[in-house]
Enquirer: 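Attaching a single structure in structure tokens format; questions to follow.
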4 protein chains.
Amino acid sequence: MAVAEPHTPTRRRALRADAIRNREAIVEAAAEVMAEQGAAVDVREIARRSGVGMGTLYRHFPKKEDLVRTVLDQDFSRWAEAARQAAIEAEDPWAALTDFYRQALSGCARHRAIMESFALTWTDPDPTGIPQLRAVLEELRARAAELLRPGVTTDDLVLLLISLGYAAQFTDECRPHMWNRLLLISLDGLRAEHREPLPES
Amino acid sequence: MAVAEPHTPTRRRALRADAIRNREAIVEAAAEVMAEQGAAVDVREIARRSGVGMGTLYRHFPKKEDLVRTVLDQDFSRWAEAARQAAIEAEDPWAALTDFYRQALSGCARHRAIMESFALTWTDPDPTGIPQLRAVLEELRARAAELLRPGVTTDDLVLLLISLGYAAQFTDECRPHMWNRLLLISLDGLRAEHREPLPES
Amino acid sequence: MAVAEPHTPTRRRALRADAIRNREAIVEAAAEVMAEQGAAVDVREIARRSGVGMGTLYRHFPKKEDLVRTVLDQDFSRWAEAARQAAIEAEDPWAALTDFYRQALSGCARHRAIMESFALTWTDPDPTGIPQLRAVLEELRARAAELLRPGVTTDDLVLLLISLGYAAQFTDECRPHMWNRLLLISLDGLRAEHREPLPES
Amino acid sequence: MAVAEPHTPTRRRALRADAIRNREAIVEAAAEVMAEQGAAVDVREIARRSGVGMGTLYRHFPKKEDLVRTVLDQDFSRWAEAARQAAIEAEDPWAALTDFYRQALSGCARHRAIMESFALTWTDPDPTGIPQLRAVLEELRARAAELLRPGVTTDDLVLLLISLGYAAQFTDECRPHMWNRLLLISLDGLRAEHREPLPES
DNA sequence: GATGAATGAGTGTTCATTCAT
DNA sequence: AATGAATGAACACTCATTCAT
């Protein structure tokens with residue numbers, strides 16, 4: 001009697017749906033707290049905010065590190081993708097660069113943990129994280145090559161992002177968008193009209 | 001004025017000398033370890049390195065925060081002063097600006113806690129800390145006014161310092177002085193030839 | 001007796017067959033893992049190995065203790081029965097005793113939980129467990145009475161078994177069958193030629 | 001003024017005396033609980049019984065394992081030494097063996113953790129623990145060589161001790177000293193009059 | 001005044017047991 | 001009935017701060 005089968009996919013699905021909802025609640029809560037306070041959060045706080053017990057949290061993420069990584073991977077990717085989209089929608093190569101930074105920095109300003117993660121992933125060969133970002137910047141640099149001063153590397157652009165990201169972050173509360181000025185200044189410094197060679201790193 | 005001192009002044013003096021020596025040892029040790037690891041250090045480590053007991057440390061600094069502040073005030077001042085000196089010794093206003101940043105960033109790269117402290121003192125009205133820095137940059141800006149693009153504020157210069165300081169710090173281990181390139185770029189962006197107005201913050 | 005069953009017997013039967021299969025799978029898996037690791041196992045591990053969910057496991061055994069007891073009862077009985085068989089197949093009373101111990105100890109060496117259980121069931125009036133064992137040893141003792149030193153009680157034989165069982169267990173990995181020597185020694189100590197009276201317990 | 005010196009040994013001593021008292025209280029409490037319940041104790045229970053806070057416990061023993069080891073080393077040594085003394089005071093080689101076992105087993109009966117430790121130290125080359133014990137038994141065996149059946153090894157004697165120790169332990173509550181009977185039996189099995197060769201281990 | 005031992009709330013993590021689906 | 005996700009009380013361990021000597 002197939003009807004009585006307890007292993008029907010439908011039933012399974014039902015359970016999973018609930019679990020997935022919980023998992024998402026956990027990730028969402030974690031993302032929220034981590035954006036506010038960085039990665040050094042009490043797991044209990046995450047559990048509380050997501051409305052689940054400790055066990056549930058640990059069922060989905062056996063180590064705190066796993067959750068942190070998951071949130072970081074997700075938020076970092078979304079953030080990088082949003083910035084990439086902003087670049088794509090721009091009209092010209094320079095606007096692409098500008099819009100990319102503007103979008104990215106706006107994200108940095110709101111997410112402490114993303115900024116913290118740079119320190120961890122800077123030397124990390126993991127294809128997500130910095131490398132993902134570098135790839136986008138590499139392309140933007142290629143497209144804007146003629147507008148950029150000679151010798152500017154992709155690493156320069158990455159470091160500039162991180163650097164301004166930090167500024168964006170901690171001015172965000174008291175002086176939101178003050179970083180926009182710094183961005184404009186720095187980008188102007190990247191223009192081709194500046195011929196002075198950059199020092200070896 | 002000895003009149004205000006109760007009991008035998010001599011004894012007091014002797015003890016005070018000792019106490020001051022201890023206090024200095026504590027601050028020195030704290031500065032050392034905070035430069036390496038930032039402000040989130042185990043107080044025990046500081047006591048150990050300074051060769052005093054926990055009680056002595058807490059007699060001088062009732063809260064960890066007190067010690068951290070003291071160290072920060074001191075190191076921040078020294079750091080700012082060193083940068084100011086570099087500026088003073090420069091030949092022209094632009095070199096003064098450049099040398100100031102170079103010296104300051106070199107300091108940031110080696111002192112984790114100073115970087116961390118920006119976040120704390122950014123909004124702090126305390127005359128030491130950021131305001132002290134701002135005063136110097138204000139002067140440098142005034143001297144270089146004609147070379148700077150219109151609309152550049154002292155706050156821009158302060159934020160640029162903090163921003164590059166962060167870059168300096170975390171590239172210092174793997175790519176020392178990579179921040180020099182970023183510095184050159186940003187400063188070029190500050191030159192008077194750029195006429196595009198900066199946005200309101 | 002179908003008369004006592006409420007509702008539709010057919011359905012019930014079907015379900016029960018399934019339930020029984022599950023129950024057996026649980027017990028089997030539990031037995032396996034308890035032999036390896038003792039009774040202090042994660043219940044999840046048992047559920048995993050038996051291929052059932054936690055709910056099913058707890059439906060059959062509301063407390064972990066219930067499952068442990070069930071497994072112990074079963075494995076203990078089988079183990080005792082195997083030893084009894086070895087005794088039955090022996091040629092003479094002394095060989096019966098020897099073979100019983102050899103078989104039993106060989107079982108102890110391979111089943112951690114059985115050894116652990118002695119501590120629990122030693123004082124347990126439950127007819128399975130120790131009493132079951134005692135009954136067999138009582139019979140073996142009776143048959144070998146003339147070969148045994150005066151005053152040897154069944155309890156002595158039971159305790160000897162447990163004692164050697166422990167030795168068997170923890171030498172099994174590094175020095176398998178080293179316990180055989182101890183068994184021979186102890187049994188020789190039980191021979192009738194030793195007339196020295198045993199102390200009151 | 002040397003009188004004021006805060007680093008005088010006397011002061012140091014004073015503090016240490018207190019600390020040592022605490023340390024001893026911790027070890028004592030731990031030994032007590034571990035004798036009752038084995039090594040798997042809640043550290044909080046130890047802290048509670050010794051009347052100190054968690055921090056104090058962890059100051060003296062940075063890891064639970066450290067405390068467990070300390071207690072085990074101490075109690076094992078005392079226990080082994082007590083047994084050795086009993087052997088020394090005996091009148092003849094056989095009595096030495098008997099008294100050694102009696103004393104040792106009496107200790108086993110009262111100390112769960114010592115019994116547990118056998119499993120850990122059985123293969124441990126550490127000079128404390130089993131090897132210490134083996135050395136004593138080696139000597140007792142040598143002295144009683146002529147009275148022992150041929151082929152008895154020191155390892156046999158060690159394993160016999162552990163084996164009977166287990167029996168002693170779990171009969172101690174309900175049937176104290178029942179193990180005395182088993183000891184007599186086993187030792188009789190070791191006597192020279194038994195010529196049957198022991199199997200290879 | 002100096003010392004460093006003592007304190008205990010808080011942190012990451014596990015696991016027997018319950019419950020919604 | 002079966003599933004496995006959810007629960008939360010423990011547990012080992014850390015560290016800013018206090019206190020007896």
Side-chain angles (χ1 to χ4, degrees), chain A residues 4-8 10-23 40-45 47 51-65, chain B residues 11-12 14-16 18-19 22 40-45 47-48 52-60 62-65, chain C residues 11 14-16 18-19 22 40-45 47-48 52-65, chain D residues 4-8 10-23 40-45 47 51-65:
Chain A
E5 258 184 21
H7 295 274
T8 57
T10 6
R11 286 213 161 180
R12 282 221 151 183
R13 284 274 156 76
L15 280 172
R16 285 245 167 102
D18 218 50
I20 286 171
R21 201 155 31 245
N22 259 327
R23 190 193 152 96
V41 207
D42 189 336
V43 267
R44 279 167 175 79
E45 173 65 13
V52 305
M54 290 294 299
T56 305
L57 197 156
Y58 272 86
R59 155 177 281 273
H60 289 289
F61 305 95
K63 300 276 168 193
K64 183 192 183 184
E65 176 67 15
Chain B
R11 273 215 162 177
R12 272 232 150 185
L15 289 168
R16 276 210 177 144
D18 219 55
N22 268 333
V41 207
D42 192 331
V43 192
R44 275 163 237 283
E45 176 65 15
R48 211 173 298 127
V52 307
M54 292 292 293
T56 306
L57 196 157
Y58 270 86
R59 165 173 295 275
H60 289 289
K63 298 276 167 192
K64 185 190 183 182
E65 177 65 16
Chain C
R11 274 217 163 178
L15 290 169
R16 275 210 177 146
D18 218 54
N22 267 333
V41 205
D42 192 330
V43 192
R44 275 163 236 283
E45 175 65 15
R48 210 173 299 127
V52 306
M54 292 292 292
T56 308
L57 196 157
Y58 270 84
R59 166 173 294 276
H60 289 289
F61 305 96
K63 299 275 168 192
K64 185 189 183 184
E65 177 65 16
Chain D
E5 257 183 26
H7 294 273
T8 57
T10 5
R11 283 212 160 178
R12 283 220 149 182
R13 283 275 157 75
L15 281 169
R16 284 243 167 103
D18 218 52
I20 287 171
R21 202 158 27 249
N22 259 327
R23 189 192 154 95
V41 207
D42 189 337
V43 267
R44 279 168 173 76
E45 174 64 15
V52 305
M54 291 292 299
T56 304
L57 197 156
Y58 274 87
R59 155 177 281 273
H60 289 289
F61 305 95
K63 300 276 167 195
K64 184 189 183 184
E65 176 67 15

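A, B, ... follow the sequence lines: proteins, then strands. Residue 1 opens every chain.
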Enquirer: Is there a donor and acceptor pair closer than 3.5 Å between the side chain of D:Arg44 and the base of F:dA10?
Expert: no
Enquirer: Using the closest heavy atom to pick a nucleotide of DNA chain F for each, name whichever of B:Gly55 or A:Gly53 lands nearer the 5' end.
Expert: A:Gly53
Enquirer: Can you measure from NE2 (A:His60) to CD1 (A:Ile20) and round to the nearest 0.5 angstrom?
Expert: 9.0 Å
Enquirer: Tell me which nucleotide among E:dG4, F:dG4, E:dG12 gets nearest to the side chain of B:Met54.
Expert: E:dG4
Enquirer: Look at all strands and tell whether A:Val52 reaches a base, only sugar-phosphate, or nothing, counting heavy atoms closer than 4.0 Å.
Expert: sugar-phosphate
Enquirer: For B:Lys64 versus B:Val41, what's the shortest heavy-atom pair and its separation?
Expert: NZ-O, 2.7 Å
Enquirer: Can you check the B:Arg59 CZ to F:dA20 C1' distance for me, whole Å?
Expert: 14 Å
Enquirer: Can you measure A:Asp42 atom CG to F:dT14 atom P for me and round it to whole angstrom units?
Expert: 17 Å
Enquirer: Between C:Arg48 (CZ) and F:dT3 (P), how many Å, whole number?
Expert: 15 Å
Enquirer: Check A:Tyr58 against A:Lys63 and note the closest heavy-atom contact, atom names and distance.
Expert: CE2-CA, 4.3 Å
Enquirer: Out of curiosity, A:Met54 CE to A:Arg44 CZ, how far, rounded to the nearest 0.5 Å?
Expert: 5.0 Å
Enquirer: Using only side-chain N and O atoms of C:Asn22, determine if any of them is under 4.0 Å from OP1 or OP2 of F:dA2.
Expert: yes
Enquirer: Under a 3.5 Å limit for both distances, which nucleotide forms a Watson-Crick or G-U wobble pair with F:dC15, could you say?
Expert: E:dG8
Enquirer: Tell me the partner of F:dA20, counting only Watson-Crick (N1-N3 plus N6-O4 or O6-N4) or G-U wobble (N1-O2 and O6-N3) with both under 3.5 Å; none if nothing fits.
Expert: E:dT3
Enquirer: Considering Watson-Crick and G-U wobble pairs with both distances under 3.5 Å, what does F:dA10 pair with?
Expert: E:dT13
Enquirer: Nearest-Å distance, CZ (C:Phe61) to P (E:dA16)?
Expert: 16 Å
Enquirer: Rounded to whole Å, how long is the line connecting atom CG of D:Asp18 with atom P of F:dT18?
Expert: 20 Å
Enquirer: Compare the minimum distances between each of E:dT14, E:dT11, E:dT17 and the side chain of C:Val43, then state the nucleotide with the smallest one.
Expert: E:dT17
Enquirer: Work out which heavy atom in A:Leu57 is nearest to a heavy atom in A:Val52; give both atom names and the distance.
Expert: N-CG2, 4.2 Å
Enquirer: Between atom CD in D:Glu45 and atom P in F:dA12, what is the gap in whole Å?
Expert: 11 Å
Enquirer: Quick one: D:Lys64 NZ to F:dA10 C1', roughly how many Å, whole number?
Expert: 12 Å
Enquirer: Could you tell me how far apart D:Ile20 (CD1) and E:dG4 (P) are, to the nearest whole angstrom?
Expert: 14 Å
Enquirer: Both B:Val41 and D:Val41 contact DNA chain F. Which one's nearest nucleotide lies toward the 5' end?
Expert: D:Val41
Enquirer: From the list E:dA16, E:dT7, F:dA12, which nucleotide is the closest neighbour of the side chain of D:Tyr58?
Expert: F:dA12
